[in-house]
Amino acid sequence: MSAEPVYKKVFGRPESLKEAATHYCPGCGHSIAHRLVAECLDELGLREKTIGVPPVGCAVLAYNYFNFDMIEAPHGRALAVATGIKRVQPDKFVLSYQGDGDLAAIGTAETIHAANRGEMISAIFINNAIYGMTGGQMAPTTLLGQNATTAPGGRDPELHGWPIDISRMLALCDGVVYVERCTLSSIKQIRKAKKAIKKSFQCQLDRLGFSLVELLSPCPTNWKLSTQDSWDWVSEEMVKVYPVGVIKDTTGYEDKK
Amino acid sequence: MNEKVLMRGSDIIGEASVRAGCRFYAGYPITPQNELPEYLSARMVEVGGTFIQGESEIASINMLIGASAVGSRVMTSSSSPGIALKQEGISYMAGLELPGVIVNMMRGGPGLGNISPSAADYFQSTRGGGNGDYRTPVLAPAGCQELIEMTFLAFDLADNYRNPVMILGDGLMGQVMEPVVFPDFLDLNKLPQKDWALTGCVDREARAIFSMYLGEKGELCQHNLELQEKYDRITAQEQRWETIMTDDADLIVVAYGTAARIAESAIEEVRGQGLAAGLFRPITLWPFPTAPLRELAQKGRKIAVFELCLGQMVEDVILSVGERVEISFHGVPGGVIPTPAEVAEFLNSVAKGDGKVGRRIEV
Ligand SMILES: Cc1ncc(C[n+]2csc(CCOP(=O)(O)OP(=O)(O)O)c2C)c(N)n1
Ligand code: SF4
């Protein structure tokens, strides 16, 4: 018997993440979401065929952290850029990663139409109910009563309109096969989120159509809350407006099991 | 040699583009250029390419960004207000150093204007409406055979310099029918290799294409200086122009595109009346053929600038020849196509110096 101890690696850095320190604030949901995306790509063996499109927003530098090919898109246009990529290179795995301002305000038209065309793309949608990168302005998804630098005193529907639930809007489009909303605010939910992301990737591999995973994601910095309070706010307040769960699923995956 | 065929300008650009290797088109309908996407909606499918009617001009130009980043020859087309919407994307393409061809069939403005031929978007095209210190080569064909040559050239320039390139025409260029001869299809395998394109990171490091430089060591400054070095190379190497009957001319008419066609007829007319006029036709509007125009602007010669707008290219003429010679300008804004007789009147008026048609430019 060998005297050498036998180690089994149980945790490590996914190959789809570079060895780089991120610029995300402590407690930010972006870091968790990056890791989940990377783990799913690794597990499906997709890293070398992936082309990703980051947003303009806090994740604009995602290409410094993700270890696969990426191209910057103008603010809101990630899904149009992704469409161009996927149509020319249908065998590549194409992924957009976008915030709520990017995907549900300035890029609403690009989002809805890419989804409605049924582009074979997986979209990761980080909903933190605020504009992180530009310093805490109101997002389309900001909750009623939630403070933002451009909604002083809290979002008031008469002044600022209502929070938008774009995932439910997308579910109405025939080209969309799968939409699920998860949170990044508890271990259990994070595990669920990973499953959802993987399922969305599978939809693309099986060429079923467009899919999106919305992740309710803490932004402690601009919410001006501690990390723990941010997580609680996601689990207690955000989920009331954006209930978690499967919003649309026409994949038939569960039926096949 | 291939057969002579009679085709309309818009269709000619479409056919030329696929022969030049374009395999991705995205665009949003707008008159007067709808025949081009209509042509390509069928033709792209035949050649195994992609045609997408985007939900807007913004979406379309951004689809080009994606398709170009993965190595395809790409094209979009629109008309003035639609080009305004594409300007952000064009600026990004310049910053990302992505090749692509943008066709602008100008119409009257400002705002919705109207759909008749106009050339009021010289500034929009040559100066760009996007942000930043960037340049876009602009090709201005004046005939159908030249449309073909310029389409091939546009794709080559775009690839060679990794930069967006614009083909600038107007509703008339899109509608005019002339017999043309197409070159053969380019062999896609022989197009320039794009070692920068995103292909998936098999056996190499992951690659990123971006235009943002946050570094504090002057990285953005360096990026801009490198772009400028490229623009300087384009300026030095890619100026194109045509001269007609300028050798013995006392009066040089400067006009491009449709205006140049009208001016050419006017020149024939005034020559019949004894005025030795000649045409200087810029083919590249950026880079503007400054030196050749300056050379023509010798003492004793007068310059007459004619545009289908109220005076935009004339600024480049002034920059080129300065106070060297007398410059006069006549422009007709969008909505009316002037006759050669009207332009002939302008030329005679300049020759006589009576100031009846057009205006003298004070430099
Ligand atoms: C055309 C344009 N408009 C505005 C901006 C400024 N801007 C950058 S990011 C951003 C919003 C970011 O919010 P979100 O998409 O929710 O992402 P987060 O930063 O919260 O992750 C805005 C308005 C820009 N870069 N480009
Ligand atoms: S500002 Fe908010 S979204 Fe941006 S990195 Fe910080 S915590 Fe994350």
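Throughout, a chain's letter reflects where its sequence line sits, starting with A, and its residues are numbered from 1.
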Visitor: Looking at every non-hydrogen atom in both residues, tell me the closest pair between Ala80(A) and Ala59(B) and how far apart they are.
Guide: CB-O, 3.6 Å

Visitor: With rounding to the nearest 0.5 angstrom, report the CZ to CD1 distance, Arg87(A) to Ile52(B).
Guide: 4.0 Å

Visitor: Could you tell me which non-hydrogen atom of Gly66(B) sits nearest to which non-hydrogen atom of Ile85(A), and how far apart they are?
Guide: O-CG1, 3.4 Å

Visitor: Can you tell me how far CZ of Phe24(B) sits from OG1 of Thr83(A), rounded to the nearest 0.5 angstrom?
Guide: 7.5 Å

Visitor: Lys49(A), Lys18(A), Arg117(A): which one forms the most heavy-atom pairs within less than 4.5 Å of chain B?
Guide: Arg117(A)

Visitor: Look up atom CZ in Arg204(B) and atom CD in Glu48(A), then write down how far apart they are to the nearest 0.5 Å.
Guide: 9.5 Å

Visitor: Hey, could you give me the CZ/CD1 distance between Arg77(A) and Ile58(B), rounded to the nearest 0.5 Å?
Guide: 4.5 Å

Visitor: Please classify the contact of Val56(A) with chain B as side chain, backbone, both or neither, using a heavy-atom distance under 4.5 Å.
Guide: side chain

Visitor: With a 4.5 angstrom heavy-atom cut-off, could you sort out which part of Ala82(A) is near chain B: side chain, backbone, both or neither?
Guide: neither

Visitor: Between Ile51(A) and chain B, with a heavy-atom cut-off of 4.5 Å, which part of the residue counts as in contact: side chain, backbone, both or neither?
Guide: side chain

Visitor: If you look at every heavy atom in Arg207(B) and Asp69(A), which pair is closest and at what distance?
Guide: N-OD1, 2.8 Å

Visitor: Quick one: pull up CG in Leu214(B) and CG in Leu61(A) and give me the separation to the nearest 0.5 Å.
Guide: 5.5 Å

Visitor: Hey, could you give me the OG/CD distance between Ser56(B) and Glu110(A), rounded to the nearest 0.5 Å?
Guide: 5.0 Å

Visitor: Could you report the tightest heavy-atom contact between His75(A) and Tyr92(B), atom names first, then the distance?
Guide: N-OH, 4.1 Å

Visitor: Taking all non-hydrogen atoms of both residues into account, name the closest pair between Gly200(B) and Lys92(A) and its distance.
Guide: N-CE, 3.9 Å

